[in-house]
There are 2 protein chains.
Amino acid sequence: MANYEQLRLSNQLCFPLYVCSKEVVRKYKPLLDELDLTYTQYITMMAMWEHEQLSAKELGTILYLDSGTLTPVLKTLEKKGFVERQRSKDDERSLIISLTQDGKALQDRAASIPEAMGKCIDMDLEDLQTLHRLLHKFMDTSIK
Amino acid sequence: MANYEQLRLSNQLCFPLYVCSKEVVRKYKPLLDELDLTYTQYITMMAMWEHEQLSAKELGTILYLDSGTLTPVLKTLEKKGFVERQRSKDDERSLIISLTQDGKALQDRAASIPEAMGKCIDMDLEDLQTLHRLLHKFMDTSIK
DNA sequence: ATCAAATCAATTGTACACAATTTAATTTAA
DNA sequence: TTAAATTAAATTGTGTACAATTGATTTGAT
């Protein structure tokens, strides 16, 4: 009789990661709807707010997304007027993404989101900080 | 001059959750390929290995998935011969999912996956246990 | 200088994920 | 007791995600 204890859902690390990630994204939805952004578009804009201008390649590295995902996201954000896409003069392979004025203005409207999300999370600050630290440690040590 | 510190990617909790979740699922892929399962199909099978028989509704509650996601996953698993789908006699609205013999046998082949995944994660046991505990706490206190 | 290897964005194909709606069955309440 | 409300699965539509491939450009080794 084999022991399948390690195959129980409650013993996995992957499963609560997967569930928490999905549910957090779902909690963002009503807030992001007001900005006409999906979650993926939101984190893309967060990267752009920090950097003003990035190549698609750099964005992919920052966001852990490949071109198959980013290409349509960036085209959508361009259509919405939040970024511009243009080929690099230096290297025609590279696509430069730049924040537009509307994209910059959007940051003001997004400024209240982190606090609003914080109110949805009913955990004390110490636990949240530990969780944040361990997730980053996990990213740094166990990915790629 | 507004302070957008709270909008930085590195200050979000959602973003490392999202990245870790995706990257863990990606790490599973080569192992799950051998069983001809996707990650979503894998956690569905984990639930079935624990319960033998569940309604689609119960599965959705356990896995935090709605019928829009589960319906095609369950049809695929039925096509692969791992589960059977049949309407409940008591309540024709309800769909009963049962593990087949092939589905049961698959558990043996999956038994080595948790250990193989463990070897990919280069964090000490205490951190992993803390992470596991905090993710479950997060799920319990901050979702729905 | 030249051409093979590498790089980058885009495309293709498969599989979620979820909101919203639909359809059918069951339960509840007037 | 039957009409309204609820429940459950399926469907529809949109938007990721990612592996694999393609096509254009650049780099690097000879």
Side-chain angles (χ1 to χ4, degrees), chain A residues 14-15 17-33 36-45 54-61 63-80 83 85-97 143-144, chain B residues 14-15 18-30 32-33 36-45 54-61 63-80 83 85-97 143-144:
Chain A
C14 61
F15 183 63
L17 267 177
Y18 163 82
V19 172
C20 288
S21 171
K22 282 193 316 164
E23 295 299 321
V24 168
V25 169
R26 220 166 52 81
K27 285 226 176 191
Y28 269 101
K29 189 169 190 306
L31 302 171
L32 295 179
D33 278 350
D36 188 26
L37 291 178
T38 64
Y39 179 75
T40 310
Q41 291 162 17
Y42 175 58
I43 58 173
T44 304
M45 291 307 295
L54 284 171
S55 71
K57 175 73 179 170
E58 290 169 325
L59 256 178
T61 302
L63 301 176
Y64 294 77
L65 293 173
D66 74 359
S67 66
T69 303
L70 264 183
T71 296
V73 169
L74 293 173
K75 284 181 177 174
T76 303
L77 287 175
E78 184 180 48
K79 208 169 295 171
K80 291 179 179 176
V83 302
R85 297 160 64 251
Q86 59 201 82
R87 291 286 162 182
S88 165
K89 294 282 194 302
D90 296 345
D91 184 343
E92 284 284 337
R93 290 170 306 179
S94 183
L95 186 72
I96 306 296
I97 314 299
I143 293 172
K144 273 159 196 161
Chain B
C14 62
F15 183 62
Y18 163 82
V19 172
C20 289
S21 171
K22 281 193 316 164
E23 295 298 322
V24 168
V25 169
R26 221 166 53 80
K27 287 226 175 191
Y28 269 102
K29 190 170 188 307
L32 294 179
D33 278 349
D36 188 27
L37 291 178
T38 64
Y39 179 75
T40 311
Q41 291 162 16
Y42 174 59
I43 59 174
T44 304
M45 291 306 295
L54 284 170
S55 70
K57 176 73 179 171
E58 289 168 326
L59 257 178
T61 302
L63 301 177
Y64 294 76
L65 293 173
D66 74 359
S67 66
T69 303
L70 264 184
T71 295
V73 169
L74 294 173
K75 284 182 177 174
T76 303
L77 287 175
E78 183 180 49
K79 209 169 294 171
K80 291 179 179 174
V83 303
R85 296 160 65 251
Q86 60 200 82
R87 290 285 164 183
S88 165
K89 294 284 194 301
D90 296 346
D91 184 342
E92 285 283 337
R93 291 171 305 180
S94 184
L95 186 72
I96 305 296
I97 313 301
I143 294 172
K144 270 157 199 169

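For clarity, every value in this text was computed on a predicted model and none was experimentally measured. Chain identifiers are assigned alphabetically (A, B, ...) following the order of the sequence lines, protein sequences preceding nucleic acid strands; residue numbering begins at 1 within each chain.
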In whole angstrom, give the distance that lies between atom OH of A:Tyr39 and atom C1' of D:dT16.
-> 13 Å
Would you call the rings of B:Tyr39 and B:Tyr28 parallel, tilted or perpendicular if under 30° counts as parallel and over 60° as perpendicular?
-> tilted
Just the table, please: protein N/O against nucleotides 4-7 of chain C N/O, every pair under 3.5 Å.
from: C:dT7; atom 1: O2; to: A:Arg93; atom 2: NH1; distance (Å): 2.9

Hey, does the side chain of B:Tyr18 come within less than 4.0 Å of D:dA17's phosphate (OP1/OP2), counting only N and O?
-> yes
Closer than 4.0 Å, any side-chain N/O of B:Ser94 to the OP1 or OP2 of C:dA25?
-> no
On a heavy-atom basis, the closest approach of A:Arg85 and A:Ile97 is CG-CD1, 3.8 Å
Under 4.0 angstrom between B:Thr40 side-chain N/O and C:dA17 OP1 or OP2 | yes
Could you go step by step and tell me if B:Leu77 and B:Leu37 meet the side-chain contact (heavy atoms from CB on, under 4.5 Å) rule?
-> CA-CA 9 Å; B:Leu77 287 175; B:Leu37 291 178; 3.9 Å; yes
If D:dA17 has a Watson-Crick or G-U wobble mate with both distances under 3.5 Å, name it; if not, just say none.
-> C:dT14
Find the distance A:Glu78:CD to C:dA10:C1' and express it as a whole number of Å.
-> 14 Å
Short N-O contact, B:Arg26 and B:Glu23, less than 4.0 angstrom = yes
Sorted by number, the residues of residues 66-75 of chain A with heavy-atom contact under 4.0 Å to DNA chain C = A:Ser67, A:Gly68, A:Thr71, A:Lys75
Could you pick out which residue, A:Lys22 or A:Leu95, lies toward the 5' side of DNA chain C when each is mapped onto its nearest nucleotide?
-> A:Leu95
Between P of D:dT16 and CG of A:Leu77, the distance in whole Å | 8 Å
What pair of heavy atoms forms the shortest contact from B:Thr76 to B:Gln41, and how long is it?
-> CG2-NE2, 3.6 Å
Within the pair A:Arg87 and C:dA10, is there a side-chain N or O less than 4.0 Å away from OP1 or OP2?
-> yes
Residues, nucleotides or ligands: over 12 heavy atoms within 6.0 Å of B:Lys57 NZ = no
Are any side-chain N or O atoms of B:Arg87 and backbone N or O atoms of B:Ile96, one a donor and one an acceptor, separated by less than 3.5 Å?
-> no
So which nucleotide from C:dC16, D:dT26, C:dA9 ends up closest to the side chain of A:Ala56?
-> C:dA9
For A:Leu63 and D:dT16, give me the distance from atom CG to atom P, rounded to whole Å.
-> 12 Å
Of the non-hydrogen atoms in A:Leu70 and A:Ala56, which two are nearest, and what is the gap between them?
-> CD1-O, 3.7 Å
Considering heavy-atom distances to DNA chain D, does A:Gln41 or A:Asp90 have its closest nucleotide positioned more toward the 5' end?
-> A:Gln41
To the nearest Å, how far apart are B:Lys29 NZ and D:dA20 C1'?
-> 10 Å
Note, A:Thr40 side chain near A:Leu65 side chain (heavy atom, < 4.5 Å) | yes
Could you state the atom-to-atom distance from CZ of A:Arg26 to C1' of D:dT14 in whole Å?
-> 17 Å
Between C:dA10 and A:Arg85, is there an OP1 or OP2 to side-chain N/O distance shorter than 4.0 Å?
-> yes
Look at the side-chain N and O atoms of B:Ser55 and state whether any lies under 4.0 Å from the OP1 or OP2 oxygen of D:dA8.
-> no
Rounded distance (Å) that lies between atom P of D:dA8 and atom CD of B:Gln86 = 18 Å
Please state whether the phosphate of C:dA15, meaning OP1 or OP2, lies under 4.0 angstrom from any side-chain nitrogen or oxygen of B:Thr76.
-> no
Mind calculating the distance between CG (A:Asp33) and P (C:dC18) to the nearest angstrom?
-> 14 Å
Mark yes or no for whether A:Ser21, through its side chain, and A:Leu17, through its backbone, hold a donor-acceptor pair below 3.5 Å.
-> no
